[in-house]
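When a ligand or atom number is given, it counts from 1 through the structure's own listing order. Scope of the values below: all heavy atoms of this structure, side chains included, with no hydrogens, waters or symmetry mates.
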Amino acid sequence: MLVSNWLVLILLIVCAAFGAETDEIKTISVMTGDSVVLHTGVREVNREKQILWLFGPEHPDTLIAEIYKLSISIYDSYEGLKDRLQMDQQTGSLTVRNITTSHSGLYTAQIMNAMTTFKRFSVTVYAPVSLPVTESSSPVSECQISVLQKCADACFGADGGFSSAAMCSAANGPGVSLSWYKGRERLNQTSSPDLSVTLSLPLEIKDRNNDVYHCVAANPVSNKTTRFSFQEHCPLNTDSSHSCGFTEAVIRLVISALVGVATVAILFYDIRSGKKSTTVPKCPSEK
Ligand SMILES: *[C@@H]1O[C@H](CO)[C@@H](O)[C@H](O)[C@H]1NC(C)=O
Ligand SMILES: *[C@@H]1O[C@H](CO)[C@@H](O)[C@H](O)[C@H]1NC(C)=O
Ligand SMILES: *[C@@H]1O[C@H](CO)[C@@H](O)[C@H](O)[C@H]1NC(C)=O
C-alpha cells in the first residue's frame with residue numbers, strides 16, 4: 001500500500017514535470033480596464049476534480065483561486081487581484097475583470113483528478129498609447145532672421161540635405177512604436193526598450209509638398225494618430241499672412257523703390273545724353 005502510494009506520487013511528479021515541458025503557453029494581450037477569460041478547457045467540474053489557479057509576474061507560484069469538491073475559493077494572496085477574480089462553477093475558467101498592468105504575468109490552471117494537467121497563459125496588460133505630438137523642426141522664428149531668402153525657403157531650411165523636417169514625439173511604454181505614414185506607406189519607425197525616454201522620430205522630406213502625413217503611436221492593443229502637413233505649419237504661399245509677411249513686404253518695398261529710382265535715373269540720363277536707350281533695366285537678384 002505504502003509502495004503504491006509512493007508510485008502514484010512519483011507518477012504525479014513526473015507527469016507534472018513532463019506537462020510543464022510540453023504544454024503550450026497561450027499569449028494574451030489586453031488593455032487596462034478590460035476583462036480577460038482564461039479557459040481551463042474542462043467541460044464539467046465534478047466532485048473529484050480539483051483545479052488550482054496560480055499566478056506570478058514571472059513564475060506562477062501564488063495560489064489565487066481554486067475549486068475543490070465543487071466549492072470555489074478566491075484568495076487574497078496577490079495585490080488587488082482578489083476583487084477582480086471570478087471563477088466559473090462549471091468549467092473552472094477564471095475571469096480577471098478591470099485588469100491593471102500589475103496583473104501582467106503567468107497564470108496557470110493545475111487541473112487534478114486521476115492525473116494532473118496544466119493550462120498556461122502569459123497575459124500582458126498594456127495601457128492605451130498617448131496621443132503623439134507633431135511639430136515642424138524649423139521654428140517660425142528662423143523666418144524672421146532670414147532676410148534675403150524667400151520666406152518659404154526660410155521656413156523649409158537651407159538647400160543641401162533635407163529641405164524640410166518635422167518631429168513627432170510620444171510617451172514610451174511597453175511595446176510602443178512610433179511611425180510616420182504617408183497614406184498607407186510607412187516611412188519610418190522607432191521604438192526603445194528604455195521606457196523612461198520620450199520616443200521621437202524625425203520626418204525628412206527632400207521636396208516641399210502639400211501632402212498630409214500621419215504620425216502613429218501604437219502598441220499591441222491600441223493606436224493613436226496625429227496628422228501633419230508642412231502646408232499648415234509653414235505655408236508655401238508667401239502672399240498669405242504669416243510671420244514672414246512683414247519682412248517680405250519691407251524687402252519688396254525696398255526693391256521696388258530701388259528699381260524705381262534706377263529707372264528714373266537711367267531715363268533722366270538717356271534724355272540728357274540725347275541717346276535712344278537700348279538697355280532694359282534689370283531687377284536686382286533676390287539671392
Ligand atoms: C478599475 O480599476 C481601477 C484601478 O484599480 C479603479 O480605479 C476603477 O475604479 C476600476 N473600475 C471599475 C469599473 O471597477
Ligand atoms: C528615420 O529615423 C531616423 C532616426 O530615428 C533618422 O536618422 C533617419 O534619417 C530617418 N529616415 C528617414 C527616411 O526619414
Ligand atoms: C489602429 O487601430 C485600429 C483599430 O482601433 C486598427 O484597425 C488599425 O489597423 C490600427 N492601425 C495601426 C497602424 O496599427
Identity and distance of the protein heavy atom lying nearest atom 14 (O) of ligand 1 = N98 ND2, 3.2 Å

Does an N or O from Y181, backbone or side chain, lie closer than 3.5 Å to an N or O of ligand 3?
-> no

If you count the non-hydrogen atoms of other residues, nucleotides and ligands that lie under 6.0 Å from OH in Y68, is the total more than 12?
-> no

Between T101 and T32, which heavy-atom pair has the shortest distance, and what is it?
-> CG2-CG2, 3.7 Å

Closest non-hydrogen atoms of S222 and A127, given as atom of the first, atom of the second and distance, are OG-O, 4.2 Å

Spell out, as yes or no, whether a donor-acceptor pair under 3.5 Å connects the side chain of Q89 to the backbone of L70.
-> yes

Donor-acceptor pair, side chain of R84 and main chain of N98, under 3.5 angstrom | yes

Ligand 2 N/O within reach of T190 N/O, cut-off under 3.5 Å | no

Under 4.0 Å from a heavy atom of [X]: give me the atoms of ligand 2 that qualify, with their elements.
| X | value |
| --- | --- |
| E204 | 9 (O), 14 (O) |
| L201 | 2 (O), 5 (O) |
| N188 | 1 (C), 2 (O), 3 (C), 8 (C), 10 (C), 11 (N), 12 (C), 14 (O) |

Hey, is [atom] under 4.0 Å from any protein heavy atom?
| atom | answer |
| --- | --- |
| atom 10 (C) of ligand 3 | yes |
| atom 2 (O) of ligand 3 | yes |
| atom 5 (O) of ligand 1 | yes |

Relative to ligand 2, is L203 under 4.0 angstrom through side chain, backbone, both or neither, heavy atoms considered?
-> neither

Ignoring angles and geometry beyond distance, decide whether R84 reaches within less than 3.5 Å of ligand 1 through its nitrogen or oxygen atoms.
-> yes

Can you check whether V123 reaches L38 side chain to side chain, under 4.5 Å on heavy atoms?
-> yes

